[in-house]
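Note sheet for the following structure.
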2 protein chains.
Amino acid sequence: MKLRTISFLILGMVRFGATSGYAIKKAADAGTSAFWPTSLAQVYPELARLTEGGLLIRHDDSKGGRSRAAYELTEAGEEALLAWLRSPVETPLQMRSEGMLRGFFADALPKEEQLVVLRRQQERIREVKEHLFDGDLRAAAKAIDAGEMRYPIVLGDFGEAALDFTYEWMGQFAEQLEAELSD
Amino acid sequence: MKLRTISFLILGMVRFGATSGYAIKKAADAGTSAFWPTSLAQVYPELARLTEGGLLIRHDDSKGGRSRAAYELTEAGEEALLAWLRSPVETPLQMRSEGMLRGFFADALPKEEQLVVLRRQQERIREVKEHLFDGDLRAAAKAIDAGEMRYPIVLGDFGEAALDFTYEWMGQFAEQLEAELSD
DNA sequence: GTGTGCATGTAAGGAGTTACATGATTGC
DNA sequence: GCAATCATGTAACTCCTTACATGCACAC
């Protein structure tokens with residue numbers, strides 16, 4: 001059975017207390033969507049696959065008329081997760097930033113407009129950072145097993161610091177551009 | 001005609017002097033693959049589409065028995081590129097980092113192993129940074145229209161600074177972990 | 001009683017990758 | 001002569017997203 005990253009994401013979320021597909025998706029949105037986005041249409045088939053492969057067990061957890069599944073890690077599932085966490089193999093970091101691509105070609109614009117675009121991008125960084133505090137990454141620990149998890153917070157801190165760094169860097173470059181313009 | 005990011009990448013590369021599909025791919029590998037990867041199997045069909053849509057003109061640039069096309073921007077193509085560079089609309093930044101996803105679940109490992117994984121990730125950052133100087137982003141300006149482009153270098157500087165920042169941040173966290181372990 | 005959230009799934013389609021197929025030129 | 005690079009394309013496949021389809025529970 002071939003395991004991909006989405007498999008480990010699901011195993012991890014189950015490991016830390018998200019039992020239903022819906023709950024996994026919610027925890028993933030809050031906690032990991034910034035560096036590994038998912039959709040429900042991926043989660044449900046993958047849950048079935050992992051159950052079939054013996055890494056998860058599905059229990060019925062229906063309440064009244066509303067059906068709900070509760071998944072649990074098997075020993076094999078736990079082992080697979082730990083082996084992945086320890087293994088050095090990984091898919092290369094891939095990023096798609098249309099903003100940076102525009103930056104790459106910014107020489108095609110006159111300097112005044114370069115500055116306008118840059119300031120707008122900088123503003124966007126600030127917005128993203130604020131959105132982070134609208135309860136994203138930090139809320140994730142709560143969404144799953146509160147208190148037991150340190151790393152969602154650590155990653156949140158890193159994200160915040162990286163955004164600050166980017167904001168500052170852009171600000172400095174913008175100042176340089178402004179200085180060039182006033183010559 | 002619907003234009004996607006790959007369309008603008010190609011228009012931009014043509015604008016700055018890459019005339020053949022092969023050359024576009026090479027310039028994209030060196031210059032933009034870090035934030036917008038592409039493959040030849042995307043470039044060739046898209047070149048045909050853009051030509052059909054009147055944004056590019058295809059000239060024959062064969063040398064002897066080896067066929068080669070040389071593309072040129074039409075006025076509409078140039079306008080489309082500039083409009084895109086100016087427009088505030090953009091696809092949201094998407095990133096897929098399996099490394100960060102692992103970090104998110106690192107609480108499942110004992111602290112000693114957390115540290116091993118962290119140090120390995122940190123080492124990887126260093127390697128990526130070195131690879132950058134094996135002539136990637138900075139060489140891109142050369143690969144296309146040398147001297148005319150400032151931003152490939154600017155983005156290279158940013159990338160370098162961001163990697164340094166990440167390396168430092170990880171180092172500090174690693175030290176904290178070490179301190180906790182020696183308690 | 002109505003909207004929001006909880007809950008599970010499927011279908012269709014888009015974007016992008018790897019692999020395949022072919023051949024010329026250039027430098028060693 | 002042979003390997004690496006230049007050069008153009010197509011086919012098959014994978015991954016992932018959006019849209020569709022359905023229904024219960026709870027709070028206002």
Rounded interatomic separation in angstrom, taking [atom1] from [X] and [atom2] from [N]:
X: Arg66(B); N: dA7(D); atom1: CZ; atom2: P; result: 5 Å
X: Leu47(B); N: dG9(D); atom1: CG; atom2: P; result: 8 Å
X: Ile6(B); N: dG14(C); atom1: CD1; atom2: P; result: 17 Å
X: Lys25(B); N: dA7(D); atom1: NZ; atom2: P; result: 14 Å
X: Arg49(B); N: dG16(C); atom1: CZ; atom2: P; result: 11 Å
X: Lys63(B); N: dG23(C); atom1: NZ; atom2: C1'; result: 17 Å
X: Glu46(A); N: dT14(D); atom1: CD; atom2: P; result: 14 Å
X: Phe8(A); N: dC15(D); atom1: CZ; atom2: P; result: 13 Å

Of the nucleotides [options], which one has an atom closest to the side chain of [X]?
X: Arg58(B); options: dG9(C), dC6(D), dG9(D); result: dG9(D)
X: Ser20(A); options: dA7(C), dT17(D), dA15(C); result: dA7(C)
X: Pro37(A); options: dC15(D), dT17(D), dG9(C); result: dT17(D)
X: Arg96(A); options: dA7(C), dA7(D), dT17(C); result: dT17(C)
X: Tyr22(A); options: dA7(D), dT17(C), dC6(C); result: dC6(C)
X: Lys26(B); options: dC6(D), dG9(C), dC6(C); result: dC6(D)

Map Ala41(B) and Arg68(B) onto DNA chain D by nearest heavy atom, then report which one ends up closer to the 5' terminus.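 Comparing both residues, the 5'-ward one is Arg68(B).
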Check Arg126(A) with Glu130(A), please: is the shortest side-chain N to carboxylate O separation under 4.0 Å?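 Salt bridge: yes.
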May I ask you to check whether Arg124(A) and Gln121(A) show a side-chain donor-acceptor distance below 3.5 Å? no
Contact class for [X] (heavy atom, under 4.0 Å): base, sugar-phosphate, or nothing?
X: Pro45(A); value: nothing
X: Ala48(B); value: nothing
X: Ser39(B); value: base

Would you say Trp84(A) and Leu101(B) make side-chain contact, with heavy atoms under 4.5 Å?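 Yes; the side chains approach each other to less than 4.5 Å.
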If only side-chain N and O atoms of Gln42(A) are considered, is one of them under 4.0 Å from the OP1 or OP2 phosphate oxygen of dT17(D)?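 Answer yes for this pair, as a side-chain N or O of Gln42(A) is under 4.0 Å from OP1 or OP2.
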Any donor-acceptor pair under 3.5 Å from Arg58(A) side chain to Ala48(A) backbone: no
Donor-acceptor contact below 3.5 Å, side chain Asp107(A) vs main chain Arg150(B):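 Yes, the answer is positive, given that a donor and an acceptor are paired below the 3.5 Å cut-off.
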